[in-house]
K.L.:
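Quick one: this structure, given as structure tokens, is what I'll be asking you about.
Lettering follows sequence order; numbering is per chain, from 1.
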There are 2 protein chains.
Amino acid sequence: MATEAKVINTGAACCGIEPGSIHEADAAQDGALVDAATRFKALSDETRLRIVRTMVRSKHELCECNIVPLFGLSQSTISYHLKVLREAGIVECEKRGLWAYYRVNTRALMGAVKTLAELA
Amino acid sequence: MATEAKVINTGAACCGIEPGSIHEADAAQDGALVDAATRFKALSDETRLRIVRTMVRSKHELCECNIVPLFGLSQSTISYHLKVLREAGIVECEKRGLWAYYRVNTRALMGAVKTLAELA
DNA sequence: GGCCCATATCGATGTTTGTCAATATAGCGC
DNA sequence: GCGCTATATTGACAAACATCGATATGGGCC
């Protein structure tokens with residue numbers, strides 16, 4: 001996965017495109033790219049997107065016990081999805097007493113927007 | 001996966017949050033959400049993100065034969081990734097003669113940016 | 001202390017994904 | 001037609017993922 005790229009001077013322009021114009025990987029910005037991939041992966045599951053959307057729509061933070069009954073999935077599955085979102089930095093969690101309160105990390109989401117926008 | 005959501009009037013506010021404030025799924029906009037999940041899935045692989053970035057950086061379209069040598073992966077694997085990107089609408093393909101020229105579908109990418117931005 | 005509750009983790013299981021080598025498809029030039 | 005080349009598809013396989021039920025963890029409350 002990681003690393004390489006570089007020389008594409010395999011001479012032959014088999015099709016019409018001059019190899020010089022191809023721009024791969026300064027590898028410098030690969031950290032950002034890997035992060036972006038992780039974030040998009042976290043957002044690539046329908047249930048997780050629904051969870052995020054629900055959090056955004058309900059203005060304040062949500063307790064996990066509020067989320068579980070919404071999707072017809074088991075508590076352990078929801079807990080797993082929340083963990084994926086947490087580890088991708090998309091949501092943040094605060095535990096108070098028995099409950100775990102989740103909220104969207106707007107900054108991280110904005111970062112993903114930025115990365116994507118720079119591609120477009 | 002699809003469908004339901006609705007009533008969360010399971011009375012008990014076990015934690016402090018009033019169920020009334022929870023906002024799940026008008027199910028109306030679920031099509032958009034499913035589309036978004038598909039796009040994010042296409043963008044969730046490091047190789048695919050690199051391909052897209054390479055296309056964007058090199059100003060014009062790229063021939064598949066230009067892309068294959070860049071990543072140390074087999075031709076069939078690259079072809080597979082391009083198919084995923086194509087089916088998600090993120091890139092477009094035009095075949096001319098023996099070659100397949102790919103370019104980013106900026107509109108689709110912008111759509112993804114918009115979806116993401118609306119969550120943030 | 002003991003019990004209940006909300007959440008996290010574990011183990012198993014079926015599905016999806018990324019990868020390859022091999023093969024098929026199809027355009028070009030002879 | 002034949003042969004060469006670029007791309008697509010197929011089949012196999014290992015790794016990752018989404019899901020569950022069961023169990024562990026840890027905070028309140030009595």
K.L.:
Compare the minimum distances between each of dA8(D), dT19(D), dT19(C) and the side chain of L73(A), then state the nucleotide with the smallest one.
P.N.:
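Nearest listed nucleotide: dT19(D).
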K.L.:
Could you check how far CD1 of I67(B) sits from C1' of dA6(D), rounded to whole Å?
P.N.:
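My rounded result for the distance is 13 Å.
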K.L.:
OH of Y80(B) versus C1' of dG11(D): gap in Å, rounded?
P.N.:
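It works out to 15 Å between those atoms.
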K.L.:
Does anything in residues 96-106 of chain A reach DNA chain D, meaning a heavy atom under 4.0 Å, and if so which residues?
P.N.:
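G97(A), L98(A) - these, ordered by number, are the residues of the stretch whose heavy atoms sit under 4.0 Å from the strand.
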K.L.:
Is there a side-chain contact between W99(A) and N66(A) (heavy atoms, below 4.5 Å)?
P.N.:
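A side-chain contact is absent here, since even the closest heavy-atom pair is not under 4.5 Å.
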K.L.:
Taking atom P of dA6(D) as reference, at what distance in whole Å does atom CD1 of I78(B) sit?
P.N.:
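Atom CD1 in I78(B) sits about 15 Å away from atom P in dA6(D).
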K.L.:
Looking at R53(A) and E46(A), does any basic side-chain N land under 4.0 Å from a carboxylate oxygen?
P.N.:
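Judged by the 4.0 Å cut-off on N to carboxylate O distance, R53(A) and E46(A) do not form a salt bridge.
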K.L.:
To the nearest angstrom, how far is D45(A) atom CG from dC17(D) atom C1'?
P.N.:
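Taking CG of D45(A) and C1' of dC17(D), I get 9 Å after rounding.
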K.L.:
How would you list all residue pairs meeting ring pair (Phe, Tyr, Trp, His ring centres under 6.0 Å) that involve residues 34-64 of chain A, not counting sequence neighbours?
P.N.:
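For residues 34-64 of chain A: F40(A)-F40(B).
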K.L.:
Can you tell me if S79(A) touches the phosphate of dA8(C), counting only side-chain N or O atoms and a distance under 4.0 Å to OP1 or OP2?
P.N.:
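True: S79(A) side-chain N/O within range (under 4.0 Å) of dA8(C) OP1/OP2.
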K.L.:
Please list every donor-acceptor pair under 3.5 Å in which a side-chain atom of residues 79-91 of chain A meets a protein atom from a residue at least two apart or in another chain.
P.N.:
{"residue": "H81(A)", "atom": "ND1", "partner": "R48(A)", "partner atom": "NH1", "Å": "3.1"}
{"residue": "R86(A)", "atom": "NE", "partner": "Y102(A)", "partner atom": "OH", "Å": "3.4"}
{"residue": "R86(A)", "atom": "NH2", "partner": "Y102(A)", "partner atom": "OH", "Å": "3.4"}

K.L.:
What pair of heavy atoms forms the shortest contact from E61(B) to I17(A), and how long is it?
P.N.:
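Between these two residues, the closest heavy atoms are O-CD1, 3.2 Å.
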K.L.:
Output all residues satisfying side chain to side chain donor-acceptor pair (under 3.5 Å) with S21(A), sequence neighbours left out; order by chain, then residue number.
P.N.:
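With neighbours one apart ignored, the set is E18(A).
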K.L.:
In whole angstrom, give the distance that lies between atom CG of N66(B) and atom P of dT5(D).
P.N.:
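One finds 17 Å between P of dT5(D) and CG of N66(B), rounded.
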K.L.:
For the helix from dG1(C)-dC30(D) to dC30(C)-dG1(D), how many degrees between its two end axes (five pairs per end), to the nearest 10°?
P.N.:
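Answer for the end axes of this duplex: 20°.
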K.L.:
In whole angstrom, what separates L85(B)'s CG from dG18(C)'s P?
P.N.:
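Distance, rounded to whole Å: 10 Å.
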K.L.:
Would you verify whether the NZ or CZ of R96(B) falls within 45 degrees of the ring axis of Y101(B) while also being under 6.0 Å from that six-membered ring's centre?
P.N.:
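The answer is yes; both the distance and angle limits are met.
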K.L.:
Between the protein and nucleotides 21-25 of chain D, are there any N/O to N/O pairs under 3.5 Å, and if so, what are the atom names and distances?
P.N.:
{"residue": "dG21(D)", "atom": "O6", "partner": "S76(A)", "partner atom": "OG", "Å": "3.1"}

K.L.:
Kindly state each residue pair satisfying salt bridge (charged side-chain N to carboxylate O under 4.0 Å, His left out) with at least one member in residues 63-80 of chain A, sequence neighbours excluded.
P.N.:
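Non-adjacent pairs meeting salt bridge (charged side-chain N to carboxylate O under 4.0 Å, His left out): zero.
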K.L.:
Looking at residues at least two apart in the chain, or sitting in another chain, which of them share a side chain to side chain donor-acceptor pair (under 3.5 Å) with S58(A)?
P.N.:
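So S58(A) forms no side chain to side chain donor-acceptor pair (under 3.5 Å) with any residue.
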K.L.:
Quickly work out the I51(A) CD1 to dA18(D) C1' distance and round it to whole Å.
P.N.:
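From I51(A) CD1 to dA18(D) C1': 12 Å.
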K.L.:
Could you state the CD-P distance from E46(B) to dG18(C), rounded to the nearest angstrom?
P.N.:
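Interatomic distance, CD of E46(B) to P of dG18(C): 12 Å.
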K.L.:
With sequence neighbours excluded, what pairs up with S74(B) under the side chain to side chain donor-acceptor pair (under 3.5 Å) test?
P.N.:
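Partners of S74(B) by the side chain to side chain donor-acceptor pair (under 3.5 Å) criterion, ordered by chain and then number, come out as S76(B), T77(B).
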K.L.:
Counting side-chain heavy atoms from C-beta on, which of dT7(C), dG18(C), dA8(D) comes nearest to C65(A)?
P.N.:
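So the side chain of C65(A) is nearest to dT7(C).
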K.L.:
Can you tell me if H81(B) touches the phosphate of dT19(C), counting only side-chain N or O atoms and a distance under 4.0 Å to OP1 or OP2?
P.N.:
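Answer is yes, contact under 4.0 Å.
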K.L.:
Throw together a table of side-chain donor-acceptor distances under 3.5 angstrom for residues 108-120 of chain A, partners on residues two or more places apart or in other chains.
P.N.:
{"residue": "K114(A)", "atom": "NZ", "partner": "E118(A)", "partner atom": "OE2", "Å": "3.3"}
{"residue": "T115(A)", "atom": "OG1", "partner": "G111(A)", "partner atom": "O", "Å": "3.0"}

